[in-house]
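All chains are named by letter (A, B, ...) in the order of the sequence lines, taking the proteins before the strands, and each is independently numbered beginning at 1. The model shown is predicted, which means the values in this text are computed figures rather than measured ones.
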Number of protein chains: 2
Amino acid sequence: MLVVDDEPQIVRALRINLSARGYSVLTAHDGTAALRAAAEGKPDVVVLDLGLPDVDGTEVIAGLRGWTTVPIIVLSARVDSADKVQALDAGADDYVTKPFGMDELLARLRAAVRRSAVAEGEDAVVETASFTVDLAAKKVRRDGVEVHLTPTEWGLLEILARNRGRLVAQKQLLQEVWGPAYAKETHYLRVYLAQLRRKLEPEPSHPRHLVTEPGMGYRFEP
Amino acid sequence: MLVVDDEPQIVRALRINLSARGYSVLTAHDGTAALRAAAEGKPDVVVLDLGLPDVDGTEVIAGLRGWTTVPIIVLSARVDSADKVQALDAGADDYVTKPFGMDELLARLRAAVRRSAVAEGEDAVVETASFTVDLAAKKVRRDGVEVHLTPTEWGLLEILARNRGRLVAQKQLLQEVWGPAYAKETHYLRVYLAQLRRKLEPEPSHPRHLVTEPGMGYRFEP
DNA sequence: GGTTCGCATCAAGGCGTCGTCAGGAAGTTC
DNA sequence: GAACTTCCTGACGACGCCTTGATGCGAACC
């Protein structure tokens with residue numbers, strides 16, 4: 001979540017309320033910083049004050065809409081309906097006038113997040129040269145045909161695929177798939193990596209996508 | 001577009017304004033008629049007054065959200081924030097208090113329609129080789145004849161059909177159909193999936209559309 | 001060259017999960 | 001109040017997954 005406002009007390013109040021409800025909060029005090037923070041932080045919703053010191057709020061909306069469909073909720077002291085129309089038509093999702101009730105804002109945030117969660121869902125597919133992993137549907141296909149994985153096999157592959165390109169430590173894999181008590185059972189990893197390779201790799205004994213980093217962990221190479 | 005309000009002058013004003021802007025407008029004067037009109041007319045947005053004569057507006061929202069993600073914009077004379085929170089959390093997309101500015105409402109309508117145009121892609125009728133599920137009408141047909149399902153059976157099938165192609169976790173099914181306290185009663189799932197298969201699958205013991213993913217959940221394959 | 005350690009592979013047993021059938025309790029309809 | 005539907009619960013067999021042990025291989029180190 002990204003909060004953009006130039007009034008420190010508003011930012012502070014929002015940060016406290018939102019953090020308490022489990023959101024992780026980024027903040028920005030002007031439009032330029034807002035666009036940068038949005039690009040780097042990938043927030044799942046943006047709360048934007050229209051009265052910023054550097055650029056017009058409408059331009060910030062347009063700058064965001066150029067590359068993302070993240071929900072934007074506008075906060076503004078202007079009650080004139082022309083402002084609302086302008087902001088909404090620029091691409092904002094909602095418009096709340098100051099002073100606002102915190103519980104109403106939170107409800108509108110929930111509504112916005114819920115909508116975008118529904119819209120999402122389709123595009124979580126990781127592809128390699130020999131197979132594809134659909135993280136949303138929990139499906140793996142190889143040469144077009146679906147490959148059946150057991151829960152443990154899928155648990156491993158999911159973590160590796162979500163961290164594709166990065167090294168994942170043995171301990172992390174063991175703890176997330178088997179639980180904190182199994183952090184040392186590295187034998188499990190060998191057995192299940194072998195099974196995954198047998199099911200997915202063209203040459204299971206010379207893996208190209210499920211790579212061992214000796215002594216450290218494993219890496220998924222798309 | 002569906003306009004639901006019991007005050008004729010509001011309905012009339014909206015109809016004129018919206019028709020002039022190219023929307024085709026359906027109207028309803030109470031909640032029962034609204035649900036029927038929504039099911040039959042498949043509007044792409046609903047404008048809903050909360051103060052209806054027959055049922056509570058929140059129930060209308062819930063009734064719609066049971067089978068459709070159509071944008072719902074609530075109109076209400078109540079300014080209390082508790083009302084707003086309740087309506088938004090029930091599934092409304094926006095909340096506008098009367099009296100309202102027509103251009104603001106129109107801007108909010110445009111925003112809602114724009115969002116849902118991006119999201120789209122969801123169909124109310126799911127077809128398989130051996131049966132069809134009509135999510136809007138809550139009906140299942142097999143070889144042209146309607147198959148009677150119990151409420152629990154329908155609850156299961158609805159979730160699976162809405163997530164067709166995707167794996168749905170056992171826990172999610174149990175929590176959404178039976179409630180949060182039943183997240184571990186996996187036996188229920190076995191019993192009811194067997195019943196659904198007996199009613200819908202050509203070979204209930206070799207299911208093709210209601211597939212078990214052992215240890216993880218179930219999947220609807222269209 | 002021998003030893004040790006980490007990794008890969010195979011095989012087998014135990015046990016948890018799944019599907020199925022059936023019976024009883026609670027609620028609904030006429 | 002009887003007949004019916006729906007939901008919950010228990011029992012049981014079958015299958016498949018997880019675990020575990022044994023063995024082989026290669027690299028690093030002494």
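Distances shown here put a side-chain N or O of B:Y188 below 4.0 Å from the OP1 or OP2 atom of D:dT9. Dashed line: the shortest gap from a side-chain N or O of B:T152 to OP1 or OP2 of D:dC7 is under 4.0 Å. The side chain of A:T212 places no N or O atom within less than 4.0 Å of a non-bridging phosphate oxygen (OP1 or OP2) of C:dC7. Within the 4.0 Å cut-off from OP1 or OP2 of C:dC18, at least one side-chain nitrogen or oxygen of B:R190 is found. Between A:S205 and C:dA8 there is no side-chain polar atom (N or O) within less than 4.0 angstrom of OP1 or OP2. An OP1 or OP2 oxygen of C:dG19 is reached within less than 4.0 angstrom by a side-chain nitrogen or oxygen of B:Y218.
Using a 4.0 Å cut-off between a side-chain N of Lys or Arg and a carboxylate O of Asp or Glu, A:D94 and B:R108 qualify as a salt bridge. Salt-bridge check for B:D5 with B:K98: passed, with a basic side-chain N closer than 4.0 Å to an acidic carboxylate O. Salt-bridge check for A:R36 with A:E40: failed, with every basic side-chain N at 4.0 Å or more from each acidic carboxylate O. Using a 4.0 Å cut-off between charged side-chain N and carboxylate O, A:K139 and B:E221 make a salt bridge.
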Within the sub-3.5 Å range, which N or O atoms of nucleotides 22-30 of chain C have a protein N or O partner, and how far apart are they?
none

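There is no side-chain donor-acceptor pair under 3.5 Å between A:T212 and A:R190.
Across B:L167 and B:R219, no two heavy atoms sit closer than the pair N-NH1, 3.6 Å.
Map B:E153 and A:E153 each onto its nearest nucleotide of DNA chain D; the residue landing nearer the 5' end is B:E153.
Residue-level contact check: A:Q170 touches the backbone only, with heavy atoms under 4.0 Å from sugar-phosphate atoms and none from bases. Within the nucleic acid shown, B:H148 comes within 4.0 Å of sugar-phosphate atoms alone, with no base atom in reach, counting heavy atoms only.
In this entry the distance linking CG of A:L193 with P of D:dC18 reads 14 Å, nearest Å. To the nearest angstrom, P of C:dT17 lies 17 Å from CG of B:L173. Rounded to a whole Å, the CD atom of B:E213 is 14 Å from the P atom of D:dG16. Between B:W154 atom CH2 and D:dC7 atom P there is a gap of 14 Å when expressed in whole angstrom units. The separation between A:K199 atom NZ and D:dG16 atom C1' is 11 Å, rounded to whole Å. Counting to the nearest Å, the P atom of C:dC18 and the CG atom of B:L196 are 16 Å from each other. For the pair B:Y192 OH and C:dC21 P, the interatomic distance rounds to 16 Å; values are reported in whole Å. Here C:dG16 presents its P atom at 20 Å from CG of B:L189, a figure rounded to the nearest Å.
Looking at residues 175-187 of chain B, you'll see B:W178, B:H187 sit with a heavy atom under 4.0 Å from some atom of DNA chain D.
In this structure the side chain of A:V3 reaches within 4.5 angstrom of the side chain of A:L18, judged on heavy atoms.
The aromatic ring centroids of A:W154 and A:Y192 lie 6.0 Å or more from each other.
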Can you give each donor-acceptor pair under 3.5 Å made by side-chain atoms of residues 141-152 of chain A, sequence neighbours left out, with the distance rounded to 0.1 Å?
from: A:R142; atom 1: NH1; to: A:K199; atom 2: O; distance (Å): 2.9
from: A:T150; atom 1: OG1; to: A:E153; atom 2: N; distance (Å): 3.3

query = Can you check side chain to side chain contact (heavy atoms under 4.5 Å, CB included) on B:D49 and B:D6, steps first, answer last?
reply = CA-CA 8 Å; B:D49 180 28; B:D6 61 331; 3.4 Å; yes

